[in-house]
Enquirer: 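First the structure, which I've put down as structure tokens, then a few questions once you've had a look.
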Number of protein chains: 2
Amino acid sequence: MSDETPRKVRLVIAEDETITREMLARLLALEDDIEVVGTASDGVKALTVLRHQKPDVLLTDINMPQMNGIDLTNTLRREMPDIKVVILTIYNDDDRVFAAIKAGARGYVLKDSPPEETIAAVRAAGKGEALLHPSLVSRVLSEFGRLSTQKAADNAVFAELTDREREVLTEIGKGRRNKEIADRLFISEKTVKNHISNIFAKLEVNSRAEAALLAARQGLV
Amino acid sequence: MSDETPRKVRLVIAEDETITREMLARLLALEDDIEVVGTASDGVKALTVLRHQKPDVLLTDINMPQMNGIDLTNTLRREMPDIKVVILTIYNDDDRVFAAIKAGARGYVLKDSPPEETIAAVRAAGKGEALLHPSLVSRVLSEFGRLSTQKAADNAVFAELTDREREVLTEIGKGRRNKEIADRLFISEKTVKNHISNIFAKLEVNSRAEAALLAARQGLV
DNA sequence: AACTCTCTCGTCCGACAGGACGATTGTATT
DNA sequence: AATACAATCGTCCTGTCGGACGAGAGAGTT
């Protein structure tokens with residue numbers, strides 16, 4: 001009853017090479033549930049098209065004149081966050097893959113993959129899902145684990161801190177000096193120093209810079 | 001030439017419900033490229049089987065007696081890191097999904113998904129790839145972005161830094177003092193101070209703690 | 001009652017940081 | 001040739017930091 005007339009996924013394609021762009025457009029237009037509502041040959045032109053068409057999904061290359069696909073994704077994330085982005089590129093390095101994901105891309109397809117994968121990724125994006133090539137998923141998962149285990153590791157030492165020490169540490173993380181911290185917490189500078197000494201001991205660091213870094217990693221700042 | 005005799009994926013299944021376990025074993029054994037070399041009804045027994053069989057992939061439930069699937073994955077990661085883990089469960093909440101991934105799982109299939117998905121996940125794991133349900137991928141990507149964001153924001157100011165200043169900033173981010181930095185970079189402490197002054201000015205901060213934080217957000221540390 | 005932990009405040013002091021002046025050299029650009 | 005910038009090094013000085021001693025009050029535990 002809800003999907004008796006499945007609304008088509010409205011798609012815009014950004015790709016600088018004319019042949020590739022046109023091929024993509026025609027190929028994707030063949031799908032019953034996809035409607036290509038615009039194309040663009042660079043990032044800036046793509047923005048114009050996107051603003052007018054307000055599509056569901058953007059399929060974009062990374063390497064383009066004027067504005068590359070990742071910057072475009074970043075811009076889109078701020079300006080039109082509802083538009084899902086699928087990256088289609090030849091680049092397979094971690095830097096670009098992670099950058100794209102951080103920028104908000106919800107699909108990442110390699111150009112040497114079969115067209116079905118591109119179609120599936122666009123379709124998934126249209127449904128609010130995400131589709132990455134399995135080899136990419138694996139790398140993202142590894143990085144994910146790396147990012148969040150380090151956080152968990154720091155968690156242990158942070159647990160030793162008292163509430164007051166945590167407050168002081170937060171202030172340190174804001175780059176404040178002892179006197180400032182004292183004024184803000186309505187205690188003497190001496191007390192601040194005591195807390196800081198204790199914090200250093202518990203966190204096993206020797207300077208406020210290091211402490212600030214730990215605080216940052218822990219999300220205190 | 002390399003895949004004339006594709007080696008079968010050796011699989012162990014851990015699942016406490018007998019019916020489900022047997023069904024899974026028989027279903028997966030039907031695949032030409034999968035060989036079920038063992039089953040277990042709880043986490044502890046699974047460990048024993050795994051130690052003997054050294055399979056390529058473990059397909060495991062989360063909710064099991066003795067030892068649950070996530071703890072099992074964690075143990076496996078330390079003891080036999082080569083064994084890929086695919087989680088098969090009814091749980092779909094972020095906590096468990098993320099916990100499983102942090103533990104090192106490289107596949108996560110929901111029990112209400114079609115069997116093909118389980119098969120595909122096992123197959124992907126066997127190839128060192130990862131397969132998650134698209135809706136899970138989407139959530140992992142979001143969390144991933146959340147964990148490692150901000151960055152690009154400060155890019156502008158960082159661009160002003162010279163290479164040498166960036167080096168010095170990196171050292172600051174490690175909590176080193178001026179003299180240490182000087183020794184490491186083979187320059188005088190005075191020069192370090194100069195660089196630091198310039199860094200502060202360019203980053204518009206007043207202390208090394210703040211500078212360290214920016215460096216951290218920028219990924220310099 | 002004795003103990004432990006947290007938070008509070010004090011003095012003294014050496015070490016370090018960072019700003020205020022300065023300067024020279026080399027390289028790249030105009 | 002002139003200009004600009006990056007990198008290097010110098011002295012002086014003030015302020016802050018952080019450790020080394022200290023101690024007292026209050027809450028909670030054993």
Side-chain angles (χ1 to χ4, degrees), chain A residues 152-221, chain B residues 151-152 154-221:
Chain A
D154 299 332
N155 248 326
V157 278
F158 267 79
E160 296 176 18
L161 296 183
T162 67
D163 291 346
R164 200 55 159 171
E165 285 163 357
R166 231 180 296 271
E167 285 183 80
V168 173
L169 180 54
T170 305
E171 297 297 315
I172 291 180
K174 288 173 183 162
R176 304 231 160 83
R177 40 175 146 246
N178 293 347
K179 187 66 179 67
E180 281 182 288
I181 299 175
D183 290 346
R184 286 174 178 270
L185 300 186
F186 304 107
I187 55 180
S188 80
E189 187 177 350
K190 169 58 193 166
T191 305
V192 174
K193 286 185 172 190
N194 279 102
H195 286 314
I196 292 180
S197 290
N198 293 331
I199 292 169
F200 284 4
K202 289 179 180 176
L203 299 188
E204 294 177 351
V205 298
N206 296 302
S207 73
R208 47 180 56 216
E210 289 177 271
L213 285 181
L214 281 181
R217 278 222 296 273
Q218 198 61 11
L220 271 186
V221 195
Chain B
K151 231 177 180 177
D154 320 293
N155 248 327
V157 277
F158 268 79
E160 297 175 18
L161 296 183
T162 67
D163 290 346
R164 200 53 160 172
E165 285 163 356
R166 229 179 297 271
E167 285 184 78
V168 173
L169 180 55
T170 305
E171 296 296 315
I172 291 181
K174 289 173 183 161
R176 304 231 159 83
R177 38 174 147 241
N178 292 348
K179 187 64 179 66
E180 281 183 289
I181 300 176
D183 289 345
R184 284 172 180 273
L185 300 185
F186 304 107
I187 54 180
S188 79
E189 186 177 350
K190 169 58 194 166
T191 305
V192 173
K193 285 186 173 190
N194 278 91
H195 287 314
I196 291 180
S197 291
N198 292 332
I199 292 169
F200 285 4
K202 288 180 180 175
L203 299 188
E204 295 176 352
V205 298
N206 297 303
S207 72
R208 47 179 57 216
E210 288 177 90
L213 285 181
L214 283 181
R217 281 220 293 273
Q218 196 63 10
L220 272 186
V221 195

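No experiment lies behind these values; they were computed from the predicted model shown. Convention: sequence-line order gives letters A, B, ...; per-chain numbering from 1.
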Enquirer: Per the side chain to side chain contact (heavy atoms under 4.5 Å, CB included) rule, which among L161(A), I181(A), V168(A) passes with H195(A)?
Expert: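 That would be V168(A).
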Enquirer: If the condition is side-chain contact (heavy atoms from CB on, under 4.5 Å), which residues does S197(B) pass it with, not counting sequence neighbours?
Expert: none
Enquirer: Between atom CZ in F200(A) and atom C1' in dG19(D), what is the gap in whole Å?
Expert: 11 Å
Enquirer: How far does the helix from dA1(C)-dT30(D) to dT30(C)-dA1(D) bend, going by the axes of its first and last five pairs, to the nearest 10°?
Expert: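 End-to-end axis angle for the helix from dA1(C)-dT30(D) to dT30(C)-dA1(D): 50°, rounded to 10°.
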Enquirer: Just how far, in rounded Å, is C1' of dG18(C) from NZ of K202(B)?
Expert: 17 Å
Enquirer: Considering residues at least two apart in sequence or located in another chain, which fulfil the salt bridge (Lys or Arg N to Asp or Glu O under 4.0 Å) criterion with E210(A)?
Expert: none
Enquirer: At a cut-off of 3.5 Å, list every protein nitrogen or oxygen paired with a nitrogen or oxygen from nucleotides 25-30 of chain C, distance to 0.1 Å.
Expert:
none

Enquirer: Quick one: R176(A) CZ to dG15(D) P, roughly how many Å, whole number?
Expert: 22 Å
Enquirer: For DNA chain D, which residues in residues 177-185 of chain B have a heavy atom at a distance below 4.0 Å?
Expert: none
Enquirer: Distance check needed: dG18(C) P versus R208(A) CZ, whole Å only.
Expert: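 Rounded to the whole Å, the gap is 10 Å.
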Enquirer: Atom CZ of R164(A) to atom C1' of dC5(C): distance rounded to whole Å?
Expert: 16 Å
Enquirer: Compare side-chain N and O positions of T162(A) against OP1 and OP2 of dC5(C) and report whether any pair is under 4.0 Å apart.
Expert: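 No, outside the criterion.
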Enquirer: Check whether any side-chain heavy atom of R184(B) sits under 4.5 Å from a side-chain heavy atom of V192(B), and report yes or no.
Expert: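 R184(B) does not reach V192(B) side chain to side chain.
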Enquirer: Rounded to the nearest 0.5 Å, what separation is found between the OG atom of S188(A) and the CG atom of N194(A)?
Expert: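 With rounding to 0.5 Å, OG (S188(A)) is 8.0 Å from CG (N194(A)).
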Enquirer: Evaluate the criterion side-chain contact (heavy atoms from CB on, under 4.5 Å) for residue pair L203(B) and L169(B); output intermediate values, then yes/no.
Expert: CA-CA 11 Å; L203(B) 299 188; L169(B) 180 55; 4.0 Å; yes
Enquirer: Sequence neighbours left out, what passes side-chain contact (heavy atoms from CB on, under 4.5 Å) with R177(B)? Give chain and number order.
Expert: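 Here the qualifying residues are E180(B).
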Enquirer: For side-chain contact (heavy atoms from CB on, under 4.5 Å), just list the numbers for E204(B) and L214(B), CA-CA rounded to whole Å, side-chain angles, deciding distance to a tenth of an Å, and then say yes or no.
Expert: CA-CA 11 Å; E204(B) 295 176 352; L214(B) 283 181; over 6 Å; no
Enquirer: Considering residues at least two apart in sequence or located in another chain, which fulfil the side-chain contact (heavy atoms from CB on, under 4.5 Å) criterion with E167(A)?
Expert: R164(A), L185(A)
Enquirer: Rounded to the nearest Å, what distance is computed from the CG atom of residue L161(A) to the C1' atom of nucleotide dC5(C)?
Expert: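 Checked: the CG to C1' distance equals 14 Å.
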Enquirer: At what distance, to the nearest 0.5 angstrom, does NZ of K193(A) lie from NZ of K190(A)?
Expert: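 Answer rounded to 0.5 Å: 7.0 Å.
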Enquirer: Can you name the residues that form a side-chain hydrogen bond (donor to acceptor under 3.5 Å, both in side chains) with N178(A), not counting sequence neighbours?
Expert: R208(A)
Enquirer: Taking only residues two or more places apart in sequence, or in another chain, which ones meet N198(A) in a side-chain hydrogen bond (donor to acceptor under 3.5 Å, both in side chains)?
Expert: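 None.
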Enquirer: Is there a residue in residues 186-199 of chain B whose heavy atoms reach under 4.0 Å of DNA chain D, and which residues are they?
Expert: I187(B), S188(B), K190(B), T191(B), N194(B), H195(B)
Enquirer: Apply salt bridge (Lys or Arg N to Asp or Glu O under 4.0 Å) to K179(B) and list each qualifying residue two or more places apart in sequence or on a separate chain.
Expert: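 K179(B): salt bridge (Lys or Arg N to Asp or Glu O under 4.0 Å) contacts with D183(B).
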Enquirer: Figure out the CG/P separation between L203(B) and dG18(C), and round it to whole Å.
Expert: 13 Å
